[in-house]
Amino acid sequence: MRITTNTAKLSTIKKGLIVCGVTEKKDLKTGKFFSELNDLSGGELLSLSKEDSFTGKAKSKLVWRSKSVKGVSQYFVCFGLGKEKDINLESVREFAGLCMREAETLKQESVMISLEGFEGLNVHDVGQAVAEGIELTAYSYTRYKKSKRHVVKSVVIAVATSSDKDTKNGVKLGQFNAGGVNLARELVDTPGGHMHPSELVSAAKRIAATSPRISIKVYNKTELKKLGAGGLLGVSQGSKHDPALVHLVYKPQKKAKKKIAVVGKAVTFDSGGLSLKPADAMMNMKIDMAGSAAVIGVFARLAKIGVDYEVHGIFGACENSVSADAIRPGDVITVMNGKTIEVLNTDAEGRLTLADTLTFATRQKPDMIIDMATLTGACLVALGEEISGVMANKKEVATEILEAAKEAGENMWELPLEARYVNQIKSDIADYKNIGGRYGGTLTAGLFLEPFVNKIPWAHIDIAGPCYAEKPLASYIGKGATGHGVRTILRLLSK
Ligand code: BES
Ligand code: ZN
Ligand code: ZN
């Protein structure tokens with residue numbers, strides 16, 4: 001998408017769509033941009049607002065259309081932004097989404113957006129949020145569709161001259177952030193039949209190839225055997241597709257402040273294995289690599305705009321399939337750190353792969369580990385479809401993540417890493433078993449992961465719900481993969 005900023009006079013624009021946000025107020029004319037639009041409409045915009053009782057209330061809309069000149073019309077659309085005190089960066093993203101949807105409905109290739117109403121927020125952040133909103137709205141998964149949806153080609157942001165530079169920088173960052181998110185969505189939306197471990201590896205390699213600051217090492221099946229990655233090997237035992245462990249490293253120009261490892265669950269399709277999932281539960285299981293997609297999305301942005309941290313991106317790609325060779329309920333495996341696990345349910349496979357990849361992460365000696373995983377259906381029961389669960393072995397780590405999530409506009413909530421339940425995952429015949437009791441499944445999964453991070457400050461984000469939207473999440477995130485996690489991690493890394 002082409003996004004430019006413009007400080008020119010509105011009267012020079014004779015066609016197309018111009019959108020303006022309006023905060024709730026008695027006299028709409030106090031808005032400078034609105035007043036200009038009103039003048040251009042010959043006062044019709046204001047009369048229309050009175051007729052429609054449009055006062056800028058949240059979720060309200062006002063549309064004015066000029067008489068067509070040579071078959072071309074001009075549209076002015078105002079969206080109510082609600083009360084000034086309630087306006088935040090999420091309002092900006094939401095507004096950008098509405099602008100884009102309107103442009104699509106009106107079949108406009110280009111749209112001009114005013115940032116009036118957001119003066120109370122940081123100019124750079126507003127630029128970033130508006131660009132994120134624009135680019136995220138423009139995403140759609142079209143690989144298998146002949147008829148593509150109408151897409152807006154360019155957006156002009158109307159700004160005051162004084163804030164032009166900050167807005168521009170914010171816009172650039174927002175565009176690259178959204179690029180990372182949209183890449184993650186693309187990977188997640190791709191069906192399991194076209195997204196095997198090797199495709200995830202290629203996606204990571206493609207990103208690494210675009211930046212001299214990013215290196216990549218891939219461990220194949222033979223090397224995984226040498227590493228003793230019994231989790232990845234066990235889970236993929238029933239699949240035709242070999243597992244692979246991917247290790248991306250981003251190094252900043254200057255000496256790194258700290259080293260952070262970001263780990264993602266990367267099960268390219270989760271049938272459940274011999275503990276087969278019921279048909280309905282299996283339907284969407286192409287999403288089970290969303291954690292790794294988020295890792296790749298983060299690196300896509302790091303390739304464009306770096307951060308001061310050294311960042312390690314790690315995922316163990318595999319498929320959880322069924323065959324005569326598949327791992328059986330009751331089998332015992334030995335994972336990378338030498339611990340043994342009794343696999344009582346082959347559908348609790350994510351934690352087995354993470355036992356290896358988290359162990360691998362600790363060997364990079366990071367100052368902090370964050371993992372993102374579509375780990376438990378129980379997290380959907382606990383927090384619903386739109387909020388992910390954060391569990392951490394140090395309070396400060398959870399706090400940092402929740403703060404970054406809030407600023408980035410992603411919904412996360414802390415869940416306890418509650419030691420009292422740890423006996424549920426002790427096995428009679430091995431060090432651990434891979435399932436707990438009937439209740440608190442997200443917590444026992446988190447507890448299962450804990451020993452593999454070796455006391456390094458760590459947070460686990462269960463993204464099972466919000467990585468995929470069954471219905472549109474916001475004006476700017478439609479149905480399908482959401483790229484959840486990318487923006488939070490990027491926000492965290494920019495601190
Ligand atoms: N990939 C699933 C979790 C999942 C469920 C993600 C729904 C997204 C949406 C995971 O591997 C799984 O199957 N977990 C089991 C664990 C159980 C067997 C202890 C679950 O949640 O039922
Ligand atoms: Zn599973
Ligand atoms: Zn799974």
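Whatever order the structure lists ligands and atoms in, that order sets their numbers, starting from 1.
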**Q.** Sub-4.0 Å atoms of ligand 1 with respect to non-hydrogen atoms of Lys265
**A.** 1 (N), 10 (C), 11 (O)
Q. Under a 4.0 Å heavy-atom limit, does Met289 contact ligand 1 with its side chain, its backbone, both, or neither?
A. neither
Q. Can you tell me which residue and heavy atom of the protein come closest to atom 18 (C) of ligand 1, and the distance to 0.1 Å?
A. Asn345 ND2, 3.5 Å
Q. Between Arg491 and Glu400, is the closest basic N to carboxylate O distance under 4.0 Å?
A. no
(Q) Is there a polar contact between ligand 1 and Thr376, counting only N or O atoms under 3.5 Å apart? (A) no
Q. Can the positive tip of Lys257 be found less than 6.0 Å from the middle of the six-membered ring of Tyr309, inside 45° of the ring normal?
A. yes
Q: Verify whether the ring centers belonging to Tyr144 and His194 lie closer than 6.0 Å.
A: yes
Q | Lys495 atom NZ, neighbour heavy-atom count above 12 within 6.0 Å | A | yes
Q. Identify the closest protein heavy atom to atom 12 (C) of ligand 1: which residue and atom is it, and at what distance?
A. Asp347 O, 3.2 Å
**Q.** Lys217 NZ/CZ over Tyr219 ring centroid, <6.0 Å and within 45° of normal
**A.** yes
Q) Among protein heavy atoms, which sits nearest to atom 2 (C) of ligand 1, and what does the distance come to when rounded to 0.1 Å? A) Asp270 OD2, 3.5 Å
Q | Heavy-atom nearest neighbour in the protein, as seen from atom 14 (N) of ligand 1, with distance rounded to 0.1 Å | A | Leu375 O, 3.5 Å
**Q.** Side chain, backbone, both or neither: the part of Leu380 lying under 4.0 Å from ligand 1 by heavy atom
**A.** side chain
Q. What angle, to the nearest 10°, do the atoms OE1 (Glu349) and OD2 (Asp270) form about the Zn ion (ligand 2)?
A. 100°
(Q) Just to confirm my output: which protein heavy-atom neighbour is closest to atom 20 (C) of ligand 1, and how far is it? (A) Gly377 N, 3.9 Å
Q. What is the name of the N/O/S atom in Asp288 that sits closest to the Zn ion (ligand 3)?
A. OD2
Q: Return yes if some donor-acceptor pair links the side-chain N/O of Glu342 with the main-chain N/O of Gly330 below 3.5 Å, else return no.
A: no
Q) Of the choices Met282, Arg351, Met285, which has the non-hydrogen atom that lies closest to atom 7 (C) of ligand 1? A) Met285
Q) Should Lys406 and Glu403 count as an ion pair when the cut-off is N to O under 4.0 Å? A) no
Q) Atoms of ligand 1 less than 4.0 Å from Lys277 heavy atoms? A) 2 (C), 12 (C), 13 (O)
Q. What do you reckon, does Ile287 put a non-hydrogen atom under 4.0 Å from ligand 1?
A. yes
(Q) If we ignore hydrogens and angles and just use 3.5 Å, is the side chain of Thr340 paired with the main-chain N or O of Asp431 as donor and acceptor? (A) yes
Q) Do the charged groups of Lys265 and Asp371 touch, with an N to O distance under 4.0 Å? A) no
Q | Lys/Arg-Asp/Glu bridge criterion (N-O < 4.0 Å) met for Lys59, Glu94 | A | no
Q) To which protein heavy atom is atom 19 (C) of ligand 1 closest, and what is the distance rounded to 0.1 Å? A) Ile435 CG2, 3.4 Å
Q.
With a cut-off of 2.8 Å, does Gly350 put an N/O/S atom close enough to the Zn ion (ligand 3)?
A. no
